[in-house]
There are 2 protein chains.
Amino acid sequence: MNLPQLHRDTEASSGASVVLTTARDAGVGVCFANPGTTEMPFVGALDTVAGVRPILGLFEGVCTGAADGYGRMAGKPAMTLLHLGPGHANGIANLHNARRARTPILNIVGDHTRAHLKYDAPLTSDIESLARPVSVWYRSVARDTDLATDTADAIAAAMGAQRGVATLVLPVDLQSARIRGGASPAVVRPAAASFDPERVERVADLLLGGDRAVLLLGQRALSARGQRAAARIAAATGAACFSETFPARAERGGGLPDIDRLPYFPEPALAALAGRRVVLAGALAPVTYFGYDGIPGELARPDDIVMLAAPGDAADDALEALAERLGAAANDQGVCVERWQVAGGPLTPQAVGCVLANALPDNAIVSIEGGTCGYPFVTASARARRHTILTNTGGAIGQGLPVALGAAVACPDRRVFALQSDGSAQYTIQSLWTMARERLPIVMLIASNRRYGILQTELARSGLPADTPHASRLTQLDDPPIDWLALSRGYGVPARRASDTQALVRALDDALAHADGPTLIEMQLS
Amino acid sequence: MNLPQLHRDTEASSGASVVLTTARDAGVGVCFANPGTTEMPFVGALDTVAGVRPILGLFEGVCTGAADGYGRMAGKPAMTLLHLGPGHANGIANLHNARRARTPILNIVGDHTRAHLKYDAPLTSDIESLARPVSVWYRSVARDTDLATDTADAIAAAMGAQRGVATLVLPVDLQSARIRGGASPAVVRPAAASFDPERVERVADLLLGGDRAVLLLGQRALSARGQRAAARIAAATGAACFSETFPARAERGGGLPDIDRLPYFPEPALAALAGRRVVLAGALAPVTYFGYDGIPGELARPDDIVMLAAPGDAADDALEALAERLGAAANDQGVCVERWQVAGGPLTPQAVGCVLANALPDNAIVSIEGGTCGYPFVTASARARRHTILTNTGGAIGQGLPVALGAAVACPDRRVFALQSDGSAQYTIQSLWTMARERLPIVMLIASNRRYGILQTELARSGLPADTPHASRLTQLDDPPIDWLALSRGYGVPARRASDTQALVRALDDALAHADGPTLIEMQLS
């Protein structure tokens with residue numbers, strides 16, 4: 001957060017420009033926008049307040065997902081600009097994911113002029129009821145004199161102990177109100193994250209006492225430093241290490257330790273944790289993704305769980321303190337970067353994982369949505385060059401492409417990949433257009449198996465047949481097959497198809513040779 | 001609503017099949033679905049309970065918008081099938097439109113198994129808070145023995161006095177519960193709509209007393225019968241007639257009177273109503289769409305408004321009673337069907353309106369979204385063959401294509417057109433795939449002006465420049481231009497482009513010659 005600055009103009013400013021100036025002075029530099037009539041003064045202010053880059057999305061879920069990806073990589077909020085309750089509603093699913101990721105977002109929703117609300121005009125709705133479930137903070141600005149402080153409060157809340165989505169509703173009359181300029185209010189800086197040394201002692205005692213343990217890592221524990229410390233602890237004590245199944249962000253490869261994700265399905269997850277203390281380092285207590293008959297919802301008994309660091313804590317510092325306390329050797333537990341030998345032949349998910357792991361340049365970012373190729377890739381990518389993965393934290397699908405978009409805006413010097421299942425890509429397919437418009441060199445890999453693979457798996461788990469007429473038709477996407485090349489070109493994104501490993505290698509080579517815009521590769525899976 | 005029937009099987013049924021059987025027996029025959037893991041027992045039951053047709057959407061807004069279009073045409077609810085809070089959230093915008101249209105919808109949302117909710121797993125959210133703003137009725141089923149009655153209550157609520165969206169949440173454990181078969185509970189039939197004779201007397205007295213009036217028609221007043229009665233009254237008294245600006249459904253053409261919509265912008269709307277009594281027949285009191293500086297939110301003073309029939313009343317019967325009471329002549333006030341002479345040349349919105357009006361076959365249905373061509377078309381279509389128009393009632397955009405989809409499912413013997421602006425088409429573009437999949441012979445006319453025209457107009461109205469860099473970039477859609485032909489083919493829908501009136505005439509001729517699936521025509525507007 002920057003220090004407050006004087007407004008550039010001492011003349012009266014519009015309310016919207018006060019909001020924008022306050023946000024900009026607090027470090028908010030990007031606005032993912034899908035505005036409507038009630039946001040026009042805000043749009044106008046974007047031309048008078050320098051320093052906030054507006055990026056248009058054709059659908060609100062693109063904007064909120066992009067703000068999530070941006071926030072995960074930048075560590076500070078982007079703002080959105082959404083049109084009333086219905087526009088905000090289209091952004092809820094990806095705000096739900098951002099809530100689970102603890103991503104700071106300044107979620108700006110325009111509203112009718114205050115005097116108009118009582119008429120219940122067509123677009124009027126209960127914005128608060130729609131926004132509360134995904135927001136750590138909600139306020140509709142009540143007075144023009146509150147605009148600056150409410151904006152500062154929203155940013156402070158987004159960055160605060162309960163990091164997440166702060167929703168600020170701006171009635172259009174307040175956006176266009178004339179307000180005397182002044183200094184932007186200071187945004188309360190969040191206290192630096194810390195950890196509790198007593199917890200370190202307690203965990204140290206358990207481990208030194210011979211308890212078999214699993215370290216479950218989330219949030220800051222998945223930084224490079226956190227993972228190195230976790231690996232030292234593991235080497236010294238025999239503890240196992242897992243990342244939470246859906247990390248908001250994890251560093252991978254480049255000599256880091258090989259820490260895979262806790263399995264998604266409950267049986268292997270239970271097996272991984274059985275008979276061990278579960279030490280939480282920035283992760284929540286593990287629960288099954290869905291409730292299953294005869295399987296406990298809690299993957300570890302509460303008595304077996306011990307918290308080293310909560311999700312908002314400095315879990316990396318806590319892990320380092322624990323490693324020191326245990327006298328764990330400081331030598332590197334990382335794995336070497338090496339290329340996978342990939343045989344020529346059909347595109348299996350495992351082959352896709354290895355080919356992509358081989359292709360990643362230094363400091364790549366990979367947004368992963370969908371299990372088909374996601375799990376094999378993460379398993380393979382421990383031996384790739386250093387990169388960052390971003391996953392779907394809340395299960396609301398349609399997250400992978402917008403998150404890649406936002407990450408590319410946040411990190412213009414890094415190459416961004418989206419490893420994306422075909423079914424979930426459809427929910428926010430309009431992302432392609434914004435990627436093309438902003439010339440973002442994102443490489444999209446669409447895992448085209450023309451079905452909702454997870455649902456066919458879950459049908460089988462439930463003992464239900466997947467091949468009866470309706471069940472089959474509700475989980476198959478092959479009638480008609482989506483022509484990904486045509487669709488991609490429709491949005492201005494060049495595309496090609498790969499049906500075997502050699503073709504995928506070539507397609508990735510070609511995509512990486514171009515840095516002037518996005519590319520889509522349809523991977524026809526076997 | 002049909003009478004209750006015995007379940008086919010006397011064996012125990014799944015909870016999901018009890019819900020489906022109850023709904024089917026009450027006349028619900030279609031399910032617009034985008035299921036996830038927590039809806040798999042429901043998907044399985046679709047194969048065991050005959051009589052409910054599942055239709056898959058790639059995005060939930062397609063499902064809810066289609067249910068809206070279906071309900072408007074069928075006069076009874078379709079059901080949806082959505083996945084937890086985030087899946088429902090993607091459907092909210094079109095449920096908002098359905099709420100404003102008073103469309104009956106049985107909105108089914110799956111939920112976690114009840115015992116799992118306390119773990120706050122990734123997909124858990126406050127479904128009730130998200131659903132209440134768009135629902136006239138909400139219930140999460142609490143016990144297996146309530147499944148049938150809760151379903152019956154939901155359908156009764158959807159069809160009741162406050163017609164609209166009834167949201168029924170089905171925890172997955174209740175979907176798979178084993179329940180003894182029995183008769184489906186009777187759905188309480190809604191009381192037949194009626195009207196208040198005293199209101200007829202009051203309005204008659206005002207009109208006979210010489211008051212100049214405007215009849216503002218909505219809901220059942222926009223049936224053929226309602227409009228004919230309104231025209232008789234107008235001819236007898238000098239009253240003017242308008243449809244509400246965004247009718248859920250209105251019959252048009254084929255010799256019906258020429259009743260245009262109340263203008264959208266406040267100045268001409270105020271002029272149309274100035275100095276007149278406003279007689280509400282199935283319409284709400286007219287208010288401005290947005291609040292504007294210096295313009296009253298109420299387009300008519302409350303003292304000047306008199307209600308003949310509320311939106312839920314039998315406004316058509318009330319108008320007929322009023323016509324009789326006034327002794328209005330029963331002769332037809334309709335206009336003749338005649339073809340517009342359209343000069344060759346560029347595709348202006350007026351030319352598009354006339355060409356489409358000429359092309360409509362008998363009993364066409366036209367879903368209209370976007371003002372660019374929508375207003376000129378409705379003005380022109382008074383002289384077309386008999387057809388039905390469906391408009392965007394709630395202002396949440398992304399409604400036109402799904403509504404066309406649902407209308408085509410409800411009315412397989414009628415040709416359906418979607419007259420659709422390009423910007424708003426993008427919000428639920430995945431509709432194309434379901435249209436292709438279900439071989440629905442819908443003709444989509446995309447008005448491609450590559451901008452958010454309404455926003456440029458509203459910027460100008462606000463005195464804000466539309467040509468400054470950011471304002472321009474946030475309202476222009478030409479970088480990159482969307483290639484509608486590629487996009488359409490990507491979803492399996494054949495497409496062609498028309499840049500002048502002759503090309504549009506030919507494209508419509510060709511589209512109408514094929515009834516085996518959808519067609520898209522990109523209209524490049526001048």
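In this text, all values refer to a predicted model and were calculated from it rather than measured experimentally. Each chain gets a letter, A, B and so on, in the order the sequences are listed, and its residues count up from 1. Just so you know, these numbers use all the heavy atoms, side chains as well, and skip hydrogens, waters and symmetry mates.
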(message) Quick check on T113(B) against chain A: is it the side chain, the backbone, both or neither that has a heavy atom closer than 4.5 Å?
(response) side chain

(message) Need one label for R99(B): side chain, backbone, both or neither, based on atoms under 4.5 Å from any heavy atom in chain A.
(response) side chain

(request) Under 4.5 Å heavy-atom distance to chain A, tell me which part of H88(B) shows up: side chain, backbone, both or neither. (result) neither

(request) Identify whether the distance between the nearest side-chain nitrogen and carboxylate oxygen of D47(A) and R473(B) falls below 4.0 Å. (result) no

(message) Test of understanding: with side-chain contact (heavy atoms from CB on, under 4.5 Å), list the residues that count as partners of T245(A), not counting sequence neighbours.
(response) L262(A), Y264(A)

(message) Quick check for you: to the nearest 0.5 Å, what is the distance between H470(B) atom NE2 and L56(A) atom CG?
(response) 12.5 Å

(message) Given heavy-atom pairs under 4.5 angstrom as the criterion, report whether the side chain, backbone, both or neither of E298(B) touches chain A.
(response) both

(message) Report which part of F246(B) has an atom under 4.5 Å of a heavy atom belonging to chain A: side chain, backbone, both, or neither.
(response) neither

(message) Classify the ring geometry of F290(A) against H112(B): parallel below 30°, tilted from 30° to 60°, perpendicular beyond 60°.
(response) tilted

(request) Pick one of side chain, backbone, both or neither for A471(B), based on which atoms fall under 4.5 Å of a heavy atom in chain A. (result) both

(request) Identify which part of N97(B) has an atom lying under 4.5 Å from any heavy atom of chain A, answering side chain, backbone, both or neither. (result) neither

(message) Taking side chain as everything from C-beta outward and backbone as N, CA, C, O, which of these in H116(A) sits under 4.5 Å from a heavy atom of chain B? Side chain, backbone, both or neither.
(response) side chain

(request) Could you tell me which of A436(B), S125(B), P469(B), A93(B) has the largest number of non-hydrogen atom pairs under 4.5 Å with chain A? (result) P469(B)

(request) Tell me, for N34(A) versus chain B, whether the close heavy atoms (under 4.5 Å) come from the side chain, the backbone, both or neither. (result) side chain

(request) Could you look at P481(B) and say if it's the side chain, the backbone, both or neither that has a heavy atom under 4.5 Å from chain A? (result) backbone

